[in-house]
Undergrad: 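Here it is, the structure in full.
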Amino acid sequence: MPKQAIIPAGTGTPIAPFVPGTLADGILYVSGTLPFDKDNNVVHVGDAAAQTRHVLEIIRGVIETAGGSMEDVTFNAIMIKDWADYAKVNAVYAEFFPGVKPARYCIQCGLVKPEALVEIASIAHLGQ
């Protein structure tokens, strides 16, 4: 099965060995996305809503680079640092998925940088 790395223009060097997205057989797998700028600094420190928006904008960029849209997202894995931010994350999330919602799960866990409050990974079905 051939696969293609999806790397939007302007993407910085990841902090680990991965690419932002991998496209295979019309399915796009978007790596866990943190609220990082292109230099891997956490943005919007202390603001879960702004971090969520930043993460979802990055994910949108990966999906659009692959030729899709947010409407193609079928699944999201959401990791949050603190349940106290759950409502803030959901409010922004709902803006990005106003129609039929993707399946998802959400867990509380530690993230790779202490200032990061949210991480999201996505799967989108783009077709052939």
Undergrad: Is Ile7 isolated, or which residues cluster with it under the ILVMFWY side-chain rule of less than 4.5 Å, directly or via members?
TA: Val19
Undergrad: How far apart are the closest heavy atoms of Asn40 and Phe36, and which atoms are they?
TA: OD1-CD1, 3.5 Å
Undergrad: Quick one: CD on Glu115 to CG on Asp47, what's the gap to the nearest 0.5 Å?
TA: 14.0 Å
Undergrad: If hydrophobic clusters are built from ILVMFWY residues whose side chains come within less than 4.5 Å, do Val62 and Phe97 share one?
TA: yes
Undergrad: Which side-chain N or O atoms in residues 72-82 pair as donor and acceptor under 3.5 Å with protein atoms at least two apart or in another chain?
TA:
unit_1 : atom_1 : unit_2 : atom_2 : d
Asp72  : OD2    : Ser69  : N      : 2.8
Thr74  : OG1    : Ile123 : O      : 3.3
Asn76  : OD1    : Ser122 : OG     : 2.5
Asn76  : ND2    : Tyr93  : OH     : 3.0
Lys81  : NZ     : Pro114 : O      : 2.4
Asp82  : OD1    : Ala84  : N      : 2.8

Undergrad: Report yes or no: does Lys113 contribute a side-chain atom to a donor-acceptor pair with the main-chain N or O of Leu111 at less than 3.5 Å?
TA: no
Undergrad: Hey, does Ile63 have a side-chain heavy atom less than 4.5 Å from the side chain of Val30?
TA: yes
Undergrad: Do Met70 and Leu56 come within less than 4.5 Å of each other through their side chains, counting heavy atoms only?
TA: yes
Undergrad: With a cut-off of 6.0 Å (strictly less than), are more than 12 heavy atoms of other residues, nucleotides or ligands near CD of Glu71?
TA: no
Undergrad: Going from CG on Asp25 to NZ on Lys3, what distance comes out if it is rounded to the nearest 0.5 angstrom?
TA: 12.0 Å
Undergrad: Hey, any chance Ile27 and Phe18 share a hydrophobic cluster, counting ILVMFWY side chains that come within less than 4.5 Å of each other, even indirectly?
TA: no
Undergrad: Mind checking the CD-CG spacing from Gln108 to Asp85? Nearest 0.5 Å is all I need.
TA: 9.5 Å
Undergrad: Under a 4.5 Å side-chain heavy-atom rule over Ile, Leu, Val, Met, Phe, Trp and Tyr, are Val118 and Val43 clustered together?
TA: no
Undergrad: In terms of hydrophobic clusters joined by side-chain contacts under 4.5 Å, are Tyr29 and Ile58 together?
TA: no
Undergrad: Identify the two heavy atoms, one from Ile6 and one from Pro8, that lie closest to each other, and give their separation to 0.1 Å.
TA: O-CD, 3.9 Å
Undergrad: Grab the two heavy atoms, one from Tyr105 and one from Ile107, that are nearest each other, plus how far apart they are.
TA: CD1-CG2, 3.9 Å
Undergrad: Where do Leu117 and Gln51 come nearest, in terms of heavy atoms and distance?
TA: N-OE1, 2.7 Å
Undergrad: What distance do His125 atom NE2 and Leu28 atom CG have between them, rounded to the nearest 0.5 Å?
TA: 10.0 Å
Undergrad: Is any side-chain heavy atom of Val112 closer than 4.5 Å to a side-chain heavy atom of Leu34?
TA: yes
Undergrad: Please name the pair of heavy atoms, one in Glu95 and one in Pro98, separated by the smallest distance, quoted to 0.1 Å.
TA: O-CD, 3.7 Å
